[in-house]
Protein chains: 2
Amino acid sequence: MEDLNGTAYVVLGMLGLGARTGYDVKNIVDKSARFFWAASYGQIYPELRRLEQAGLVEGRSAPSGGRKRREFQLTEKGREELLGWLAQPAQMPELRDESLLKLFFSDALPREQALEQLRARREGHEEFLAFLRMVQAEPGGEDPPFVDLILRYGIAYAEFNVEWCKREEKRLSRKAAA
Amino acid sequence: MEDLNGTAYVVLGMLGLGARTGYDVKNIVDKSARFFWAASYGQIYPELRRLEQAGLVEGRSAPSGGRKRREFQLTEKGREELLGWLAQPAQMPELRDESLLKLFFSDALPREQALEQLRARREGHEEFLAFLRMVQAEPGGEDPPFVDLILRYGIAYAEFNVEWCKREEKRLSRKAAA
DNA sequence: TAGTGCATGTAATGCGTTACATGATTTC
DNA sequence: GAAATCATGTAACGCATTACATGCACTA
């Protein structure tokens, strides 16, 4: 087992799911994983090289017309690394949620502005929910079961947040009125 | 308005909530905000200096016995900065959840191991839930309303995750049996 | 022919953790 | 007298974003 960072496993995993180029990896991440794990070109391309040097992926030039292009695929070693990582339990995530931070400090704010923070959080999650429902409704090949599972998680998570905000908005308005 | 990072506002906010030293800030963060926004000494102390230079906090030496100690408090400018920041809407957070990432790639795994990932996620959130309930049950001064709101959010969030995992564990076991 | 998409990459900068280093005071 | 707690800080490293730079191919 190598000592790899999370981004390395995103790349390995996406190659496993059919991505061929760095560009592919980025697009698939943006379409399906961005909400729980983002990745930028500035990480992906250097990471592909490191993985190649470590023998976990194999790259070869595969130009399309006169356009430069590198295709990658998992090596046997790379597949093992991915499976080994998948088999280990994950760390609990450290959230970094600015909106919760603002709410946490909102005792310093007039009630109406604090309520506004709650509303803004709700609206953010409502938009997010709409986006995920759109993705879900898109035609095209069925997703693999666990890819679909995570999409449904995203939807459930957004719904939870919307409902929670609504509940607390009501509670707060009631209190303010009392 | 200065151009400050999130950690700066954590520090300002915690001083507003009664923290006096960098050490205080760290402890309060660990007790009440770590689950949605962590901060380490390596950020806090340099940040306090920057804030002092920017005139947002005021520090003075306040040794207790022969022990070196610096107390800080918000300046008027610092309080305004904090309030200004609180009044603006927050960005949607970018999650970075390794456990969701592993589930996302779990189609590559034998079903039983994938189920194990779900169970591990559930157990993580169960522990987290137990921890938050303990914090909630602790005696001691009542928390300000919004501090309490966020504690209740944490609990609701953990409960949501536990329930979601249970539901999906069942669904998956059913499928495997079919 | 202009715009969009495909494709690859680097450099600067900033954010954050970890490990290290030090030392006084209080409590058992 | 040992251990825990209070308290402050730095240095090295790693991770990630952003902005920049380049250029081909297809389509409207």
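In what follows, every chain begins at residue 1, and chains take the letters A, B, ... in the order their sequences are listed. Side chains included, hydrogens not; waters and symmetry mates left out as well; all remaining heavy atoms used.
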Could you give the CG-to-C1' distance, from B/Leu4 to C/dC15, as a whole number of Å? 14 Å
In this structure, how many angstroms lie between the P atom of D/dC26 and the CZ atom of A/Arg69, rounded? 13 Å
Nucleotide by nucleotide, nucleotides 18-28 of chain C touches protein heavy atoms under 4.0 Å in the pattern (B base, S sugar-phosphate only, - none) B-----BB---
Quick one: ring-ring contact (aromatic ring centres under 6.0 Å, His included) pairs with a partner in residues 57-82 of chain B, sequence neighbours left out? none
In whole angstrom, give the distance that lies between atom NZ of B/Lys26 and atom P of D/dT5. 15 Å
Regarding A/Asn161 and A/Arg121, is there a side-chain donor-to-acceptor distance under 3.5 Å anywhere? yes
In this structure, how many angstroms lie between the P atom of C/dG16 and the CD atom of A/Glu94, rounded? 12 Å
Quickly work out the A/Arg20 CZ to C/dT8 C1' distance and round it to whole Å. 18 Å
Of the listed nucleotides C/dT10, C/dT8, D/dA7, the one nearest the side chain of A/Arg49: C/dT10
Of B/Arg96 and B/Tyr45, whose closest DNA chain D nucleotide lies nearer the 5' terminus? B/Tyr45
Walk me through it: do A/Asp97 and B/Trp37 pass the test side chain to side chain contact (heavy atoms under 4.5 Å, CB included)? CA-CA 7 Å; A/Asp97 190 323; B/Trp37 201 290; 5.7 Å; no
Taking the side chain of A/Tyr23 as its heavy atoms from C-beta onward, which of D/dT8, D/dC15, C/dG5 lies nearest to it? C/dG5
Taking for A/Asn5 and for B/Arg70 the nucleotide of DNA chain D with the nearest heavy atom, the one nearer the 5' end belongs to B/Arg70
Between C/dC6 and A/Thr21, is there an OP1 or OP2 to side-chain N/O distance shorter than 4.0 Å? no
Looking only at non-hydrogen atoms, find the nearest pair between B/Ile150 and B/Phe35 and report the distance. O-CZ, 3.9 Å
